[in-house]
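For reference, the structure discussed in these notes is given below.
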Amino acid sequence: MADNNNNWMNNPALGGIDPAKLQMLASLADQAQKKDKSELMPFLMALSGGGNSTDSGNAADNSVPSAPVSFDTDETEAIINALKAGKSPQDIKKMDKILSVMKKIKK
């Protein structure tokens, strides 16, 4: 189950990224896939630092890394491209929309 969802991690373009960072991303991706649509955006916002991570009602469900993990521009681009690989144009459009929203939130 998780192996199919984490095929993006095998993309050769990700070879220069610290394996610990990739494992953390895989864990977050698994958590995100378990969320329904109404929970996904608050989860992503909490990850980006734009949301309220003090919601004690779902603290276990919305866990985010305790230590800040950052990705440089090249790492971020490689990850996004790996996630888009093999996706339908509709899925890529959805991903681009989410990325656009996340960029606006971070401003």
Going through the checks in order, is the side-chain contact (heavy atoms from CB on, under 4.5 Å) test met by M9 and Q23? CA-CA 9 Å; M9 290 182 58; Q23 189 57 45; 4.2 Å; yes

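The two residues F43 and A32 come nearest to each other via the heavy atoms CE2-CB, 3.6 Å. When every heavy atom of P42 is checked against every heavy atom of S38, the shortest pair comes out as CD-O, 3.6 Å. Across I79 and L25, no two heavy atoms sit closer than the pair CD1-CD1, 3.3 Å. Taking both residues in full, the closest heavy atoms of M95 and L83 are given as CE-CB, 3.5 Å, listed atom of the first, atom of the second, then distance. Across A78 and A13, no two heavy atoms sit closer than the pair CB-O, 3.8 Å.
The backbone N or O of D72 lies less than 3.5 Å from a partner atom in the side chain of T76, making a donor-acceptor pair. A donor-acceptor contact shorter than 3.5 Å is absent between the side chain of E77 and the backbone of D74. Side chain of D91 to main chain of K87: no donor-acceptor pair is present (N/O by atom type, distance under 3.5 Å, no hydrogens or angles).
Both I17 and M24 belong to a single network of hydrophobic side chains, linked directly or stepwise wherever heavy atoms of I, L, V, M, F, W or Y lie under 4.5 Å apart. If you chain together hydrophobic residues whose side chains sit under 4.5 Å apart, F71 and L99 never meet in one group.
The distance from the NZ atom of K94 to the NZ atom of K97 is 10.5 Å, given to the nearest 0.5 Å.
The closest side-chain heavy-atom distance from W8 to L22 is below 4.5 Å. Residues N11 and L14 meet the side-chain proximity criterion, which asks for heavy atoms closer than 4.5 Å.
Between K21 and E75 a salt bridge is recorded (basic side-chain N to carboxylate O distance below 4.0 Å).
Applying the side-chain hydrogen bond (donor to acceptor under 3.5 Å, both in side chains) test to S100 and every residue at least two apart in sequence or in another chain returns nothing. The salt bridge (Lys or Arg N to Asp or Glu O under 4.0 Å) check on K93 picks up nothing, with sequence neighbours excluded. Applying the salt bridge (Lys or Arg N to Asp or Glu O under 4.0 Å) rule to K84 yields the partners D96; only residues at least two apart in sequence or on another chain are considered.
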